[in-house]
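See below for the structure under consideration.
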There are 2 protein chains.
Amino acid sequence: MTDVRPGAGRTPSRAVEQALVDAAEQVLVRDGLGAVTVRAVATEAGVAPMGVYNRFGSKDGLISAVLVRGFDGLRAAVSRDDDPDPVARLLASGRNYRRFALGRPQHYGAMFGGRPLPTEGAEELLAHATAAFEALVDHVRYGMARGALREGDPLETAQVIWSSVHGAVSLELGGAVLTPDPAATYESLLQLIVAGLR
Amino acid sequence: MTDVRPGAGRTPSRAVEQALVDAAEQVLVRDGLGAVTVRAVATEAGVAPMGVYNRFGSKDGLISAVLVRGFDGLRAAVSRDDDPDPVARLLASGRNYRRFALGRPQHYGAMFGGRPLPTEGAEELLAHATAAFEALVDHVRYGMARGALREGDPLETAQVIWSSVHGAVSLELGGAVLTPDPAATYESLLQLIVAGLR
DNA sequence: CACAACAGTAGAACGACGTTCTATGAACGG
DNA sequence: CCGTTCATAGAACGTCGTTCTACTGTTGTG
C-alpha cells in the first residue's frame, strides 16, 4: 500500500483517494446513507473535508466511487454461478441478486434508492451499472441459444427479469413484503419468471 | 372549505393544516422532493415554519400526510377497473399502476423511494398503503375464485405481482429501462405474469 | 544552490436546512 | 371582565454541503 506517484511525480497521494472511498463505504455500511457526510467521512479517513473536493469534486463524486464498487459487486454476484443448465443458471443468478441486496442493503439502497444518481462521475457509474445488467443479458442469451428460453429480444427479456427481482428485493429492503416468508415468496417469483419464459 | 372547529371550539384552524398539505404537495410536484423544505412549504402556504411543527410534529409528519394522499390515489388507480373478466381486470390494474406512477412520479418516488419512510404518522401511512395493496389482493382472490388464476395463497401471489410491477415502474422512473419502448416492455412483463399465474 | 510557481492542505466562513426557543397576541372558562 | 392557554411569528442553534483564505511542502529553472 501507500503506492504513491504512479505515473509522474504528480499526484502526491492517491492513497488519500482510496482512504476516502474506504471511509465512505465504512460509514455507509455502519451508519447508513444519511450519516455519510463530508465531515464524517473526512474524519474517518483522517483528512480534512477539503480532501473530498480536491479528489472527487463533490460529495456526489465520492459517493459515485462507492457505488461503482457496489455495481461491481452486483455484477460479480450475478455472474458468480455458471451452471451449464440455462434455467439453473438464471435461478442461481436471481438468488445471488437477492443475497447481494440483503447482504449490502445500504449499498443497494444507495444504488437504486430512487433519488437522482450523483451527477459527478455519472458516466463511469452508468458504465459499471450497465456491465452488471449485461451479465444478466448474457444469461438470457445463453438460455435462448440453448432453447431453454422462448425466443425473443434478450434485452427486453432481461429487463423484465431485472424489473421483477429488483422490485422484490427493493420492497423487501423497504419492509414492504407482507408475506410471512420473504425467501419463499422470492422463490415463487423466480419460478413464475422461468415458467413464463419457457 | 375553511371548515374550522369541527368538534369543540378547540383547534382554531384546521384550514391551516389543509393549506400546508396542499402547499407541500404543490412544491413536491413542481420542484421535487428535495425542494420540499419546511420554510418553502410554510411560505407557499402563507404560514410561519412553526406551523408545520404545531400541526404535524415534524417535517416527516407533513410528508406523511402528503404520502397518505399518494397511497389513496394509488389504491384508486388500482381499483378503478372492475372488468368482469379476472385476467382483464388484473391487466387493467397493472396498467393503471404504471399510469399512476408515471403521472405522479414525485409522489411515487417519495412513497417508495427507498429512504426510510417518515416515522411521524407511520401507522396511518401504513394503513393507507396496506389498503392499496389489499385492492390488489382482492383482484387476485377474484381471479382464483373464478378459476382464472391458479390456486394459491392470494397474499403471496399479490406480493409477487406487486414486486414485479413496482420494480418495473421504479426502474422506469429512475431512467434504468434500457429497452427502446418501455411501454411495450411493461406489457411483456404483465403478460409474463398472467401467463405464469394461469 | 537559491528562488519563483504551484498543487494540496487545514481551518474558518457562508448560506440553507431541520428544529427549538422566546415573546406576543388572540381566544376561551370563570 | 380578567387570567390562562395555546398557536403564532421571528430569532436562534447546530449541522449540512460547499467555498474562501492562508499556509506549507515540493518542483522545475536560473
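This is a predicted model, so every value here is computed, not measured. Sequence lines set the chain letters: A, B, ... in the order given, protein chains first and strands last, and positions in each chain run from 1.
The shortest distance between the side-chain N/O atoms of B:N54 and the OP1/OP2 oxygens of D:dC6 is not below 4.0 Å. Taking side-chain N and O atoms only, A:R55 has no distance below 4.0 Å to OP1 or OP2 of C:dA7.
Residue-to-nucleotide proximity on DNA chain C shows that, of B:Y53 and A:A48, the 5′-proximal contact is made by A:A48.
Taking CZ of B:R80 as the reference point, atom CG of B:N96 lies at 5.5 Å (rounded to 0.5 Å). To the nearest 0.5 Å, atoms CG (A:L74) and CE (A:M111) are separated by 4.5 Å.
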Shorter than 3.5 Å, N or O on both sides, protein versus nucleotides 11-15 of chain D: list them out with atom names.
from: D:dA12; atom 1: N6; to: B:R39; atom 2: NH2; distance (Å): 3.4

Item to complete: Output, in order, the C-alpha distance, side-chain angles, deciding distance and verdict of salt bridge (charged side-chain N to carboxylate O under 4.0 Å, His left out) for A:D72 and A:R69.
Response: CA-CA 5 Å; A:D72 288 350; A:R69 290 188 182 180; over 6 Å; no

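Applying the salt bridge (Lys or Arg N to Asp or Glu O under 4.0 Å) test to pairs two or more places apart or on separate chains, those with a residue in residues 173-188 of chain A are A:R95-A:E187.
Remark: A:D153 engages A:L155, A:E156 in a side-chain contact (heavy atoms from CB on, under 4.5 Å) (not counting sequence neighbours).
The separation between A:F56 atom CZ and D:dT18 atom C1' is 17 Å, rounded to whole Å. The CD1 atom of A:I63 sits 11 Å away from the C1' atom of D:dG17 (whole-angstrom rounding). Computed from coordinates, the A:L62 CG to D:dC16 C1' distance equals 15 Å when rounded to whole Å. Rounded to whole Å, the distance from CG on A:L20 to C1' on C:dT9 is 13 Å.
Backbone-only engagement by B:V36 is indicated by non-hydrogen atom pairs under 4.0 Å involving sugar-phosphate atoms exclusively.
Exactly one residue among A:F112, A:F133, A:Y108 makes a ring pair (Phe, Tyr, Trp, His ring centres under 6.0 Å) with A:F71. That residue is A:F112.
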